[in-house]
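Heavy atoms only: backbone and side chains are in, while hydrogens, waters and symmetry mates are out. What you are looking at is a predicted structure, and each value in this text was computed from that prediction instead of being measured. The sequence lines fix the lettering, A, B, ..., with proteins before strands; numbering per chain opens at 1.
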Amino acid sequence: MTLPATASPALDHQSVGLAVDHLTVTIDGTTLVEDVSFRLEAGEWLGLIGPNGAGKSTVLRALAGITEHDGTVSLLSDAGISGSPLNDTGVSTTRPGATDIAIVPQNPVLPLGMTVVEYVLLGRTAHARDRFGWLGGESKVDRQVTTRVLTQLDLTEFATRPVTQLSGGEAQRTVLARALAQEPAVLLLDEPTSALDIGHQQSVLELVDDLRRTTGLTVLAAMHDLTLAARFSDRLALITRGSLDTIDKPEQVLQDDLLSRAYGVKLTVARVDSGSSDSHSPSEDDSQDIVVLPATGTRHNR
Amino acid sequence: MNDVTRPSKDAPSKGVSSASASLNLAADRAFHLPVSILVAAGLVAVAVTILSASVGAAGLPPGGVLTSLVDRLPMVEVSSSLSARQQDILFQIRLPRTVLGLLVGGSLALAGSAYQGAFRNPLADPYLLGVSAGAGFGAVLALGFGLDIGWGPFAAVPAAAFVGALIAVVTAASLARNAWASPATLLLAGVAVAALFSAAQTFLLQRLTETQAREVLSWLFGQLNTAGWREIGILGPYLLVCGTVLLLHRRHLDVLRVGDDEARSIGLDPARSRLIIIIAASLLTAAAVSVSGLIAFVGLVVPHAVRLVAGHSYRVIMPVSLIAGASFLALVDIGARTVSAPAELPVGVLTAFIGAPFFALILRRNPVQAR
């Protein structure tokens, strides 16, 4: 599902990065994420990896404004961000909202009877609010963006279909369309492929990667599949027990000892020739994939 | 909004001409209210109004009723066939009752759809947070124990019912921790408060004489007895203000359908929206109950029926429920005052009689869709 070369940019934003400083999330007295700081460069794809319960989703939910958090999250831009005053280090001083950051949730709620176009239109909520206040309705612009995103994601034929009657891949694209209708600078993906077969995993990630290249979208994606994470990410951030363990290029993070320690089982990292000439791994010049396998033998001792 | 009616101008320019027709159709549907459904509902409401104004102990010719009504419109002059006495019956007795039925039915159905959306619960109705029990408790105090907190246009019973209803809702909301962000907790608090007020109401009912108790019960069953236009003057302003607030929030209810977390991520503050919607719907319900007693089922059934006919979007459900609820109650009230004339059936009993089987029928036909 590669985008046509003529696809118009979905976003009018110039590339904008994200600065996360001392992010701490505490829910009902339990600290789920503690003092996580990182920079997400403009136009970068940063992969969040780590075992279940390490706090990947919590980080994303905090950045998306779903859960309360301590610490600061701000937009980063060399050129300045329209409407947001910048301090002298190029950091926006206004807290980013739903028009800056959009999330594709891990288990999105697909309301009964809601059509694809109605669902995608929900992504315009914050824009309608910013223009007309809380009670604002959608405008011509909202309609344009909605139809453009549907076209871009090849969803026009499903526009009138109820979202509950979509296949897994179609539903994933529809949720992605809602996020893109927010016209975000930063797109958060929470396990975007966990419900998809291997073909749809690949095509959804390629779709996002194409959008990133054509529109300068900045991507932060929590991913279970380390091979796909390595292939699509410029850098990987390894989260363990609520803290940032390592953040570096995929080949630096995906090391036997580092992963074995993080996941609590003995893992072996192998490199295989992916055999594709148009590899979607812009950070690497070679066309090798990194494959992580459970090591044969006994459990690793923590 | 008028601008978006020209779909061709808004179509994406490149490479989509084949798909753009169906896409524009879909977008039209998402952007516009279904005019045909609204017009049909409005015509039904007008027909019910004329029928209701014509039928009664002294029958009036529907044609004469229609011309008399049209004559009252500003800048319209038509001569009506009704005699002066018939005109009096129409404007002092029949029409106030009809209009009250329309207003109460519309209020309950609109508030019901708002509650269903705010709680994301298909079983939600306007009495969910204890409005009915609180109002009943107030009415018992006023009817049986001489409590009189009436002021201005509010007589003792409506005033007590109104205040009782609000006390119940406020109690439920303050009992629930984090009420507006957690509808399930609020709902349970409402159940607890309703149980408490019902118990108090039953306790008080037992202390009354049989005559007093009967009077209280007939209030509880719901009725549309009017004394001229006074009740309309009480409920009308609430419907105008709360109804406007609710209709303006209809998009919020659509956003809430994806759940609070996702609503927050796309830029809505669910707790804030829920707070406003529930306050407006509760005030509207309390005002309706105070003038008409407890009329069952309208607030629950009408939004569901509308949902089955007009789709699942609250931007459609809310305005259509308002009109359909108005027609439904005015229509049922014709039955309430004619079936066993000259005696009157409590209209609240009749709405449940008609509403329950109707609800069962639509549930049977659409077991999933009714959710």
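For A:Tyr119, the part lying under 4.5 angstrom from a heavy atom of chain B is the side chain only. Only the side chain of A:Leu121 comes within less than 4.5 Å of a heavy atom of chain B; its backbone N, CA, C and O stay farther away. Neither the backbone nor the side chain of A:Thr115 has a heavy atom closer than 4.5 Å to any heavy atom of chain B. Both the backbone and the side chain of B:Ser265 come within contact range of chain A, judged by heavy atoms closer than 4.5 Å. B:Arg250 does not touch chain A: none of its heavy atoms, backbone or side chain, sits under 4.5 Å away. Of the two parts of A:Pro108, the backbone and the side chain both hold a non-hydrogen atom closer than 4.5 Å to a non-hydrogen atom of chain B.
Two residues are said to be in side-chain contact when any heavy atoms from C-beta on lie closer than 4.5 Å; B:Trp180 and B:Ile278 meet this criterion. A heavy-atom distance below 4.5 Å is not found between the side chains of B:Asp269 and B:Arg264.
Listed for the A:Gln106 side chain is no donor-acceptor partner under 3.5 Å among the backbone atoms of A:Glu191.
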Inset, instruction - Give the intermediate values and the outcome of salt bridge (Lys or Arg N to Asp or Glu O under 4.0 Å) for residues B:Arg257 and A:Glu118. - result: CA-CA 12 Å; B:Arg257 291 175 68 201; A:Glu118 287 170 343; 5.4 Å; no
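Heavy-atom pairs under 4.5 Å with chain B peak, among A:Val117, A:Leu188, A:Ile103, at A:Val117.
The side-chain contact (heavy atoms from CB on, under 4.5 Å) test with A:Val73 singles out one residue from A:Leu18, A:Asp21, A:Leu40, and that residue is A:Leu18.
Ring pair B:Phe119/B:Tyr115 is parallel by interplanar angle, where below 30° counts as parallel and above 60° as perpendicular.
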